[in-house]
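The next block holds one structure in the form of structure tokens; read it before the comments.
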Amino acid sequence: MRARFGPFTIDSETRQLLRDGTEVHLSPKAFDLLCTLMESQPKVVEKEDLHARIWPKTYVIDANLNVLIGEIRRAIGDSPQQSAFIRTVHGIGYAFCGSAVHVQTAPGVPETLFCWVASKSKTWPLAEGDNIIGRDPRCAVWLDAPGVSRQHARVRIDSANRRVALEDLGSTNGTFLRRSRVRTEIELADGDDIKVGTVVLTIRLWASDKAPHTKRIRSRSGSG
């Protein structure tokens, strides 16, 4: 399994979890648990099934599972109160509730560009081609908020040319970029804020061949 969710990419073959190209540490059991939940999404995986997958033929108490869920949430910036990715179904189990895109890459052909938009409470991964932002639930970025038109704006991703562009679709209240109203198609940069109705979205871009190398952390020996 290889998938993207929010700013994260997970690869079960290389056993890596990346955030913006930088590896995020997870213990082996926590990594296996996250993969299990993502493979079963949006289905709720019962605690008994998770115990069988993570600790086969071994008896463990529920507290062990809670510890792993806590580790995953800390690693991906999630919380039980505002569950963007991991949902707790009390007394039953857990489910992956985030928006994930499963990636299939041909051998020897590296992915070149990842793109997503984020509000204060949610993240939407964007796909190659046209991504519509609007109040229509069928939009790639669905915003059920005041001032948003049914089909408000479009983000067009052209990975071959490393270009991401924004266009207003004749919305009632307009689309704004860098505090200016968008009147023609305009190119986006990483970190740009887009205002759609009352919602502010931040555009994030990541090119796989420009990802920074992971910094080596020197361990400190001795006490104190």
Side-chain angles (χ1 to χ4, degrees), residues 3-10 17-22 24 34 37-38 41-42 69 72-88 94-103 111 113-159 163-183 185-207:
R4 299 198 308 267
F5 61 101
F8 299 96
T9 302
I10 189 169
L17 175 66
L18 305 177
R19 180 190 176 101
D20 297 345
T22 301
V24 178
L34 178 57
L37 294 176
M38 292 190 68
Q41 71 171 129
I69 290 292
I72 293 171
R73 282 182 166 143
R74 288 190 297 274
I76 62 178
D78 205 24
S79 70
Q81 294 75 27
Q82 295 182 334
S83 301
F85 300 114
I86 305 295
R87 180 167 65 96
T88 301
Y94 300 92
F96 186 86
C97 60
S99 178
V101 177
H102 290 267
V103 179
E111 291 182 50
L113 185 65
F114 295 117
C115 181
W116 61 96
V117 293
S119 67
K120 288 183 178 180
S121 59
K122 190 172 180 180
T123 300
W124 296 265
L126 303 182
E128 182 75 14
D130 291 348
N131 299 266
I132 305 300
I133 302 172
R135 191 164 41 85
D136 190 320
R138 293 169 293 183
C139 291
V141 181
W142 177 31
L143 301 177
D144 187 13
V148 179
S149 298
R150 290 179 63 84
Q151 292 194 347
H152 196 109
R154 171 170 53 214
V155 176
R156 177 170 292 164
I157 300 176
D158 181 0
S159 294
R163 188 174 188 272
V164 178
L166 173 68
E167 182 181 6
D168 183 77
L169 297 178
S171 63
T172 302
N173 295 297
T175 303
F176 293 82
L177 173 67
R178 307 178 196 122
R179 298 185 179 181
S180 298
R181 188 160 184 163
V182 175
R183 302 191 183 278
E185 188 176 87
I186 186 169
E187 190 165 351
L188 294 171
D190 182 49
D192 276 342
D193 285 336
I194 305 166
K195 187 176 182 182
V196 179
T198 59
V199 181
V200 176
L201 301 171
T202 301
I203 191 82
R204 296 306 312 271
L205 307 176
W206 180 72

As a quick check of understanding, evaluate side-chain contact (heavy atoms from CB on, under 4.5 Å) for F96 and I86, giving each step before the final call. CA-CA 5 Å; F96 186 86; I86 305 295; 3.9 Å; yes
Heavy-atom side-chain proximity of V196 to V141 below 4.5 angstrom: no
Which residue, T175, V182, V200, forms the side-chain contact (heavy atoms from CB on, under 4.5 Å) with I194? T175
My understanding is that only one of V24, T9, I72 makes a side-chain contact (heavy atoms from CB on, under 4.5 Å) with L17; could you say which? V24
Under the rule for side-chain hydrogen bond (donor to acceptor under 3.5 Å, both in side chains), what residues qualify as partners of [X], not counting sequence neighbours?
X: R138; value: D136
X: S171; value: H152, D168
X: R178; value: D192
X: R204; value: D190

Check [X] against [Y] and note the closest heavy-atom contact, atom names and distance.
X: C115; Y: I203; value: SG-CD1, 3.6 Å
X: A165; Y: E185; value: CB-CG, 3.6 Å
X: A153; Y: L166; value: CB-CD1, 4.1 Å
X: A145; Y: T198; value: CB-OG1, 4.0 Å
X: A3; Y: M38; value: CB-CE, 3.9 Å

When rounded to the nearest 0.5 angstrom, what distance separates CD in Q41 from CZ in F85? 11.0 Å
Could you work out, with side chain to side chain contact (heavy atoms under 4.5 Å, CB included) as the rule, every residue matching [X], not counting sequence neighbours?
X: R135; result: D144, V148, R150
X: A140; result: N131
X: R154; result: D130, I132, R156, E167, L169
X: E128; result: I157, D158, S159

Kindly determine whether I133 and V199 satisfy side-chain contact (heavy atoms from CB on, under 4.5 Å), including the steps that lead there. CA-CA 11 Å; I133 302 172; V199 181; over 6 Å; no
Which residues pass the ring-ring contact (aromatic ring centres under 6.0 Å, His included) test with F8, sequence neighbours left out? F5
For residues 117-125, dump all side-chain donor-acceptor pairs below 3.5 Å to protein atoms at least two apart in sequence or in another chain.
residue, atom, partner, partner atom, Å
S119, OG, S121, N, 3.3
S119, OG, K122, N, 3.2
S119, OG, K122, O, 3.4

